[in-house]
Undergrad: 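A single structure is presented below for examination.
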Amino acid sequence: GENVEQHPSTLSVQEGDSAVIKCTYSDSASNYFPWYKQELGKGPQLIIDIRSNVGEKKDQRIAVTLNKTAKHFSLHITETQPEDSAVYFCAASALHHGGATNKLIFGTGTLLAVQP
Amino acid sequence: NAGVTQTPKFQVLKTGQSMTLQCAQDMNHEYMSWYRQDPGMGLRLIHYSVGAGITDQGEVPNGYNVSRSTTEDFPLRLLSAAPSQTSVYFCASSYSGQRAHNEQFFGPGTRLTVL
């Protein structure tokens with residue numbers, strides 16, 4: 001089955017700096033790669049996702065890149081702010097059951113701390 | 001819309017006790033799933049369902065049962081709780097089929113402690 005590895009497990013940056021979180025996956029059939037942000041005491045929330053037919057996607061200060069050949073994808077946050085402090089999870093998914101399922105396999109998470 | 005709701009928020013059990021974690025969604029999503037979150041291990045899929053009457057196992061299904069009698073509800077049952085099941089449990093839902101790979105919405109979680 002799919003296995004997703006995520007690095008680093010913790011990341012501390014100064015406000016205004018950039019942060020990069022990297023993930024690798026094992027199943028070449030995976031074709032959907034979302035990123036979730038989890039604030040303390042809450043459930044994860046989707047912040048950006050990318051599909052396998054695209055190499056890069058941006059949404060304001062957040063961007064995700066995908067390298068299907070190397071089976072890795074990364075989250076880039078620019079101009080970090082204290083409210084970006086949270087745990088970030090990457091995930092990978094391939095369609096199963098004839099395209100019916102959306103079964104996500106998650107990485108182990110990155111605790112991002114943005115120092116004011 | 002209330003989104004995805006979970007009850008209870010907190011629960012303490014003794015080893016061997018049984019309980020059901022409730023999950024409901026009001027977005028008419030076909031796909032629902034249960035995850036457990038443990039320190040350093042991320043979110044691991046327990047069971048999932050692609051529609052009423054259809055369930056399947058995820059990465060860590062042992063010790064848990066599920067059923068899906070309606071589109072809205074997806075309860076998770078612990079038949080005989082063990083300390084290894086101490087965790088935070090999240091329910092999630094999304095569209096499936098032609099709308100698969102759309103956003104999964106997570107509930108607020110249930111923190112379970114088994115003594």
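Both backbone and side-chain heavy atoms feed into the values below; hydrogens, waters and symmetry mates do not. Below, read A as the first sequence line, B as the second, and so on, with proteins coming before strands; counting in each chain starts at 1.
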Undergrad: Is chain A contacted by the side chain of B/F105, its backbone, both, or neither, given a heavy-atom distance below 4.5 Å?
TA: neither

Undergrad: Does any heavy atom of chain B fall under 4.5 Å from the side chain of A/Q6, the backbone, both, or neither of them?
TA: neither

Undergrad: Of the backbone (N, CA, C, O) and the side chain (C-beta and beyond), which part of A/P34 lies under 4.5 Å from a heavy atom of chain B, both, or neither?
TA: neither

Undergrad: Consider side chain to side chain contact (heavy atoms under 4.5 Å, CB included). Of A/D59, A/I50, A/V54, which one does A/V64 pass it with?
TA: A/I50

Undergrad: For the interface with chain B, which of A/G41, A/P44, A/S9 has the highest count of heavy-atom pairs at distances below 4.5 Å?
TA: A/P44

Undergrad: Pick from B/V12, B/T15, B/L13: which one makes a side chain to side chain contact (heavy atoms under 4.5 Å, CB included) with B/L115?
TA: B/V12

Undergrad: Give me the ring orientation class for A/F73 and A/W35: parallel if the planes are under 30° apart, tilted from 30 to 60°, perpendicular past 60°.
TA: perpendicular

Undergrad: Taking side chain as everything from C-beta outward and backbone as N, CA, C, O, which of these in A/L111 sits under 4.5 Å from a heavy atom of chain B? Side chain, backbone, both or neither.
TA: neither

Undergrad: Please check if any side-chain donor atom of B/Q11 sits under 3.5 Å from a side-chain acceptor atom of B/T110, or the reverse.
TA: no

Undergrad: Going by distance alone, is a donor N or O of one side chain under 3.5 Å from an acceptor N or O of the other, for B/Q104 and B/S93?
TA: no

Undergrad: Please classify the contact of B/L43 with chain A as side chain, backbone, both or neither, using a heavy-atom distance under 4.5 Å.
TA: both

